[in-house]
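Basis for what follows: all heavy atoms, side chains included, without hydrogens, waters or symmetry-related copies.
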Amino acid sequence: MTPEPTTTLTDVDLPETPLTTPEVPAHESASEAAANGKNGRRLSLQDLKAFYGDNEAVHGINLEYNPNEVTAMIGPSGCGKSTVLRCINRMHEEIPGAYSTGKVLLDGLDVYASDVDLTAVRRAIGMVFQKPTPFPTLSIFDNVAAGLKLAGIKGVEASDRVEWALKGAGLWNEVKDRLNSPGIGLSGGQQQRLCIARTIAVEPELILMDEPCSALDPIATLRVEELIQELKEQFTIVIVTHNMQQAARVADRTAFFLLGDLVEVGPTESIFTNPTDSRTEEYVSGKFG
Amino acid sequence: MDTPVRRILTGVAALILVIIAFFLIRLYIEARPVFSAYGATHFVFDNAWLPSKNLYGAWPLIAGTLITSAIALIIGVPIAVAAALFVTELCPRPLRATLTILVDLLAAVPSVVYGLWAVFFLIPKIKPAEQWFSDTFSFLPFVGGQVAGPNYFIAGLLLATMIIPIVSAISREVLATVPQEHKEAALALGATRWEMIRLAVLPYSRAGISGAAMLGLGRALGETIAVTLVIGNSAHLGSTIFSQGYTLAAVIANEFGEAASNPVHRASLIAAGLVLFLLTLVVNFIARFYVTRAEKKMLGGAPVAEPVATGAAA
């Protein structure tokens, strides 16, 4: 099992070196980020409803995600937390018959506005999935460069960014001598960090994680959780998790969902130690779920 | 398993091998007169098939079979894969079943009907276009000169139509095995539909599609009656893709009736059958190799780590 949750939930020790270290190749937004330290965006959901055909799975959520914080979404299966996550980068609508209403505002810009480019939304809002999904037949390098290629970034800039992203994902030292070997040859935990590298390589403004550790062993889980703490220096992070200890370890704020409703949101510590809603208390104390 | 059942099943399975072996041996014995009269090398590589002059060089037939099949693959496979991609990835749901049935229906048309359609419709309609292509691109190898009505290209085009249903059906199955996660991973990176297909779908199914193409090739190599009607039945290897030619299957269908009185002619046709059989065997082995490799790759592509329950069960 993973280590015990730390007692200082909201005050997690950050690593000495920030994500963008001086030896990192300079490309505009990264160096910008290094200059001001923070470039995560604010995300807010306004009356977000999500449907699967006629079935309303999420009933009007209003929720704010603070920049450069990790917000965890917890709740029992079928509570709508993953659906909410998939609405944020508009992946929900990929499911036949699925749609959503309401607003998803990224720094005030509605990602569902009619003049917004769908691919631009998904480039700005990166996503890490439950299972590691390195592209088969692509090398480690090409896997990380895949998103860059889609964005039209090639050549030296692309290889600089790949190196930066692999360093950011804590994978560089493990793979720097075999960048051309296939991505699927890595272990499960390495594959997931490869996918995180692929996500941050395009420098999204927000990172969504859908149970990113559920297919990983405890050691790999710990590594990814440390990585999340490093990444929030630069990105706003939303994580969906089944694992309450994980939420307690990584999240600054936690939102509890039940049956398609947002029950409660607040600082992680208070959600776990002093929830205001009795249903939250029952869930976090393990009475159901 | 019960012993009697096992014995019966083993016997039936063994019987298939015995039949194939018997085919090969019998064909070889029946074909031996022509090999002993001309030599196997001369039979395979001489460029003249004139039974009336006792010339039995099967090279025009072998080359014709390979040329028409190659044209069929070059034209048919991209169309079949495109149709499969459209049905699995792009087409609106309600249209899916209808389109699938329509493509599969192409396989239900009897091949002699395809042949007649080509003779009376395709050849006259397409000849001006072929002549234009031949004149305009005469600098290309195997292009140029006067276009014959029946020719290699027409036969290849017809074969392409005939292999589309099988290649498309297998490609659909292969494309359906691409994990949803891979497609979503591509979309989540900001890929358009087409970029997602290039990034996640095609690489994952490349080997399987190659196997589908090989099975289509198997069908194209052996197709007889439709090709017989549109190939032109020429004794010599044509110089361009718009020349008249001949194929192994077509020569057997055309000449078997008249060969009964001439033992060497008869043997030469059986030898042509033997060569065709070996050709399709080789193609099937190649297809098997590709499909096995595809399966291995899919297994190898699965995440290495077993899921570990790190919290509440799903």
Side-chain angles (χ1 to χ4, degrees), chain A residues 1-2 76-77 86 89 91 94 96-97 117-138 146-147 149-151 182 184-192 195 198-199 201-202 208 213-218 220-221 241-247 286 289, chain B residues 87-97 174-210 293-314:
Chain A
M1 202 50 224
T2 42
S77 293
R86 291 169 61 89
N89 70 340
M91 288 300 289
E94 290 298 326
D117 176 16
L118 183 60
T119 58
V121 167
R122 290 181 181 153
R123 221 166 277 151
I125 306 177
M127 189 170 199
V128 177
F129 293 85
Q130 204 165 341
K131 280 193 209 156
T133 53
F135 295 124
T137 74
L138 289 192
K149 220 183 223 172
L150 294 175
I184 55 171
L186 298 172
S187 76
Q190 288 173 323
Q191 286 188 15
Q192 193 62 309
C195 293
R198 182 174 70 191
T199 304
V202 290
L208 308 175
C213 300
S214 64
L216 304 184
D217 63 60
T221 298
T241 179
H242 255 117
N243 180 339
M244 280 181 277
Q245 287 81 27
Q246 182 169 64
Chain B
V87 167
T88 52
E89 302 295 340
L90 301 173
C91 149
R93 242 152 214 255
L95 262 178
R96 222 173 254 195
V174 171
L175 293 173
T177 65
V178 178
Q180 190 62 26
E181 302 104 69
H182 281 104
K183 294 194 263 181
E184 289 194 342
L187 289 175
L189 274 179
T192 60
R193 290 254 138 204
W194 170 237
E195 285 165 340
M196 173 200 84
I197 288 170
R198 262 188 9 208
L199 197 58
V201 177
L202 286 180
Y204 201 89
S205 38
R206 196 166 51 192
I209 290 173
S210 309
R293 209 179 61 168
E295 281 165 3
K296 264 195 203 141
K297 199 179 238 164
M298 278 172 204
L299 291 177
V304 180
E306 287 294 314
V308 174
T310 48

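- Summarising the geometry, atom CG belonging to B/Leu187 is positioned 5.5 Å from atom CZ belonging to A/Arg122; distances are rounded to the nearest 0.5 Å.
- In this structure, no portion of A/Leu118 lies under 4.5 Å from any heavy atom of chain B.
- Nearest heavy-atom pair, A/Pro136 versus B/Pro203, reported as atom, atom and distance to 0.1 Å: O-CB, 4.0 Å.
- At a threshold of 4.0 Å, the pair B/Lys183-A/Glu94 does not count as salt-bridged, since none of the basic side-chain nitrogens sits closer than that to a carboxylate oxygen.
- When all heavy atoms of B/Leu199 and A/Leu150 are compared, the pair lying nearest together is CD2-CD1, 4.2 Å.
- Heavy atoms of B/Arg198 lying under 4.5 Å from chain A are absent altogether.
- Partner of A/Phe129 under the side chain to side chain contact (heavy atoms under 4.5 Å, CB included) criterion, out of B/Gln180, B/His182, B/Glu184: B/Glu184 alone.
- Across every non-hydrogen atom of B/Ala185 and A/Thr133, the tightest pair is CB-OG1, 3.3 Å.
- The two residues B/Gly190 and A/Arg123 have their closest heavy-atom pair at O-NH2, 3.1 Å.
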